[in-house]
Amino acid sequence: MNKRNVFDVLKERGYLAQVTHEDEVRDLLGSESVTFYIGFDPTADSLHVGHFIQVMVMMHMQQAGHRPIALIGGGTGMVGDPSGKTDMRKMMTKETIDHNCRAFQKQLSRFLDFSEGQALLVNNGDWLLDLNYVEFLREVGVHFSVNRMLTAECFKSRLEKGLSFLEFNYMLMQSYDFLALYRKYQAKLQLGGDDQWSNILGGVDLIRRVEGSPAYGMTFNLLTTSAGKKMGKTEAGALWLDPDKTSPYEFYQYWRNIDDDDVKKCLALLTFLPMEEVERLGSLKDEKINDAKKVLAYEVTKVIHGEEEAKKAEAASQALFGSGGADAEVPGSTITEKEFQDHRNIIDLLHLIKLIPSKGEGRRLIQQGGIYVNDERIEAIDHTLTDSDLKDRSLMIRKGKKVYHKVTVE
RNA sequence: GGGGGAGUACCCAAGUGGCCAAAGGGGGCAGACUGUAAAUCUGUUAGCUCAGCUUUCGAUGGUUCGAAUCCGUCCUCCCCCA
């Protein structure tokens with residue numbers, strides 16, 4: 001542990017948003033192995049890039065010799081965090097939550113070393129679900145001032161739109177998590193996205209009051225674009241870590257196409273490249289910054305999907321957009337001879353391979369000149385494909401400028 | 001529990017008997033320009049067998065030649081009072 005203080009690393013890379021006690025936390029992280037935790041609520045069956053920032057932090061921390069606890073919110077998920085949300089969350093069934101928890105576990109174990117207790121994975125359902133209401137109120141509830149809670153930033157938007165008592169309790173539950181982890185594993189530090197600030201403070205205060213011991217909290221910047229919007233959104237919704245929900249190719253392409261202004265930030269937050277390299281790549285201008293985007297896309301894809309998938313995605317992108325070899329694995333689908341014969345009409349085929357959600361959309365696309373077959377623009381909405389369109393039993397369809405889809409007939 | 005208000009397409013939001021598949025904005029998609037970027041401009045954005053038809057304005061049942069718009073019931077949410 002002769003490395004730099006991880007606190008400085010996190011700060012330099014731009015993760016830090018708020019810290020409860022900056023100097024103390026820095027000293028602590030520099031002097032001993034600290035057990036810390038980050039919670040993940042199982043709101044979907046895969047983590048997405050928003051979560052990934054937190055995972056990156058955990059990796060940095062673990063590399064620096066600290067012990068991460070990944071907390072999966074099997075208990076808090078039953079309530080739903082109202083922080084920053086404008087609408088009430090849909091209540092999820094217990095089955096869904098369990099299913100999502102397992103998916104999270106699987107994904108997290110790819111990024112952190114859980115062997116020999118170097119990192120822990122716990123589920124707060126283990127202690128939250130069997131709580132006795134009155135006991136909980138007496139032990140935890142007494143320490144919370146409703147007056148103060150109401151002034152918390154995280155409830156602000158909900159005080160205008162409505163907030164149920166169920167969700168109002170979320171803060172207490174998360175605070176109790178911290179206390180439980182403190183007691184069980186001596187966790188002294190809770191990390192989280194900046195939207196978790198109020199919830200984290202709740203836990204820090206609770207431990208200080210109940211145990212009379214110091215506890216700390218620290219939040220990280222959310223992944224936003226330079227325009228301030230949440231990043232990691234695609235037309236299909238979030239950018240998922242699950243390759244079945246967002247393919248490595250799509251994933252790679254997302255980062256390849258990111259705004260110039262966001263390149264440097266993403267390199268720092270989402271890759272392990274040394275900061276000198278981040279600085280160098282991030283300061284490239286105009287066309288040159290495309291090189292930085294390629295590095296970014298490759299590196300992020302590598303961390304999440306592995307080197308092999310990253311190379312494939314890179315090769316496919318090169319083949320489609322550059323001058324690379326044509327035999328790379330480009331995205332596409334395989335159909336049978338019969339399906340091809342039955343869908344010779346271009347719109348039918350587009351619909352079959354799910355490149356368009358409806359045939360009306362297909363007509364519009366063609367009328368606007370957005371569909372290409374083997375690099376030739378399709379002009380008529382009743383265009384019919386022939387066998388001679390098949391080159392090597394396949395044809396390349398392009399939708400718009402960037403969506404490539406190779407159809408192979410078997 | 002009493003009183004008031006609201007539920008409209010992916011989101012916000014106009015529309016209060018026919019001219020409404022429904023203004024406007026956001027977002028999405030496509031075209032132009034580019035650097036597989038951003039900004040900008042243009043078009044488009046319920047479905048289908050597309051100059052025609054079908055389904056949509058919280059749910060359901062009515063009134064009417066005709067309803068997102070009127071009436072009844074129900075559901076959900078918000079505000080004020082208790």
Side-chain angles (χ1 to χ4, degrees), chain A residues 82 85-91 155-168 224-239 249-267 281-298 300-301 313-324 328 330-331 342-343 345-348 350-351 354-373 375-384 396-405:
Chain A
K85 302 286 182 311
T86 48
D87 297 307
M88 189 170 80
R89 291 281 192 85
K90 284 188 214 65
M91 275 226 247
F155 294 124
K156 209 170 155 192
S157 70
R158 295 301 299 279
L159 285 176
E160 289 160 19
K161 295 277 285 186
L163 176 71
S164 68
F165 187 68
L166 174 82
E167 295 173 284
F168 192 56
T224 52
T225 66
S226 49
K229 286 181 194 155
K230 266 192 193 164
M231 216 150 96
K233 293 284 181 188
T234 67
E235 68 279 12
L239 198 62
Y249 170 80
E250 280 177 84
F251 192 84
Y252 178 97
Q253 281 293 315
Y254 181 86
W255 303 108
R256 176 63 186 79
N257 282 301
I258 211 151
D259 283 16
D260 290 5
D261 296 341
D262 296 324
V263 171
K264 188 170 157 186
K265 176 168 63 187
C266 290
L267 281 166
L281 290 167
S283 57
L284 294 173
K285 290 279 178 278
D286 304 321
E287 277 188 70
K288 294 260 172 48
I289 201 161
N290 280 323
D291 294 337
K293 291 186 190 179
K294 283 181 194 164
V295 174
L296 170 69
Y298 176 78
V300 184
T301 309
E314 188 178 49
S317 300
Q318 182 65 23
L320 294 171
F321 294 100
S323 52
V330 301
D342 291 346
H343 300 271
N345 176 280
I346 183 66
I347 291 179
D348 287 343
L350 290 173
H351 194 61
K354 298 195 171 66
L355 213 49
I356 49 171
S358 72
K359 295 185 181 178
E361 171 82 19
R363 285 186 200 94
R364 204 176 304 123
L365 266 163
I366 291 171
Q367 277 159 3
Q368 295 182 138
I371 291 293
Y372 298 78
V373 171
D375 248 4
E376 296 215 9
R377 181 178 275 183
I378 298 298
E379 306 286 351
I381 60 168
D382 54 357
H383 184 88
T384 304
M396 181 61 74
I397 296 179
R398 193 174 112 215
K399 174 182 156 235
K401 289 196 192 83
K402 300 178 198 164
V403 183
Y404 286 90
H405 192 105

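Predicted model only: the values in this text are computed from it and were never measured. Note: hydrogens, waters and symmetry copies are ignored here, and every other heavy atom, side chains too, is used. Residue numbering restarts at 1 for every chain, and letters A, B, ... go by the order of the sequence lines.
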Would you measure the distance from the [atom1] atom in [N] across to the matching atom in [M] and give it in whole Å?
N     : M     : atom1 : result
B:G52 : B:A22 : P     : 13 Å
B:C75 : B:U60 : P     : 15 Å
B:U45 : B:A51 : P     : 15 Å
B:A23 : B:A13 : C1'   : 10 Å
B:A21 : B:U69 : C1'   : 16 Å
B:C78 : B:C12 : P     : 15 Å

Any donor-acceptor pair under 3.5 Å from A:K293 side chain to A:I258 backbone: yes
Donor-acceptor contact below 3.5 Å, side chain A:N345 vs main chain A:I347: yes
Counterpart base for B:A23, defined by Watson-Crick or G-U wobble contacts under 3.5 Å: none
Strand partner of B:U64, provided both Watson-Crick or wobble distances fall under 3.5 Å: none
ring-ring contact (aromatic ring centres under 6.0 Å, His included) partners of A:Y298, counting only residues at least two apart: none
Contacts of type ring-ring contact (aromatic ring centres under 6.0 Å, His included), residue A:F168, not counting sequence neighbours: A:F155
Pair of N/O donor and acceptor under 3.5 Å linking B:G31 base with A:Q368 side chain: no
Whichever of A:K285 and A:L163 has its nearest RNA chain B nucleotide further upstream toward 5': A:K285
Interatomic distance where CG belongs to A:D262 and P belongs to B:A38 [whole Å]: 10 Å
Write down the protein N/O and nucleotide N/O pairs, taken from nucleotides 45-47 of chain B, whose separation is under 3.5 Å; answer none if there are no such pairs.
unit_1	atom_1	unit_2	atom_2	d
B:G47	OP1	A:S358	OG	2.9

A:K402 side-chain N/O to B:A37 phosphate OP1/OP2 under 4.0 Å: yes
Options B:G35, B:C29, B:G31, nucleotide nearest the side-chain atoms of A:Y372: B:G31
Sugar-phosphate only, base, or nothing, as touched by A:R398 at under 4.0 Å among non-hydrogen atoms: nothing
